[in-house]
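Below: the structure, in structure tokens.
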Amino acid sequence: MLPSEASQALFENLYALGSDFTDSGQLSAEILAKIASPERFPTILGPLFQVFLRLPTTHSYFDNMLKQNSAIENDLPGLLWRVSETGKRMRVCLL
């Protein structure tokens, strides 16, 4: 989903974290801090993200991945679906 140049630094840090763990048996706090640092977006994007996340098409990519892997029917039915009082199966929002 990310362009390769945007994810390159992440994968380099993940590789370094794994290498360090292999050598020392512990996770490096310095590398973890780089990976876990919060991303900052311009202030104007906050309200746009909130509107975007409420659109049904936003979740279709991940819904399709779950369907392709049969996760909805087999692995996570209680987590993703609930039965309403009327007996209708309803999707549960995980956000």
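Nothing fancy with the numbering, it's 1 onward along the sequence.
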Taking L53 as the starting point, is it possible to reach L48 by hopping between hydrophobic residues whose side chains are less than 4.5 Å apart?
no
Do I35 and F11 belong together in a cluster built from hydrophobic side chains that touch within less than 4.5 Å?
yes
Do other residues, nucleotides or ligands put more than 12 heavy atoms under 6.0 Å from I44 CD1?
no
Qualifying side chain to side chain donor-acceptor pair (under 3.5 Å) pairs, either residue in residues 11-29, two or more places apart
Q8-E12
Test of understanding: with side-chain contact (heavy atoms from CB on, under 4.5 Å), list the residues that count as partners of P38, not counting sequence neighbours.
R40
Roughly how far apart are F21 CZ and L32 CG, rounded to 0.5 Å?
11.0 Å
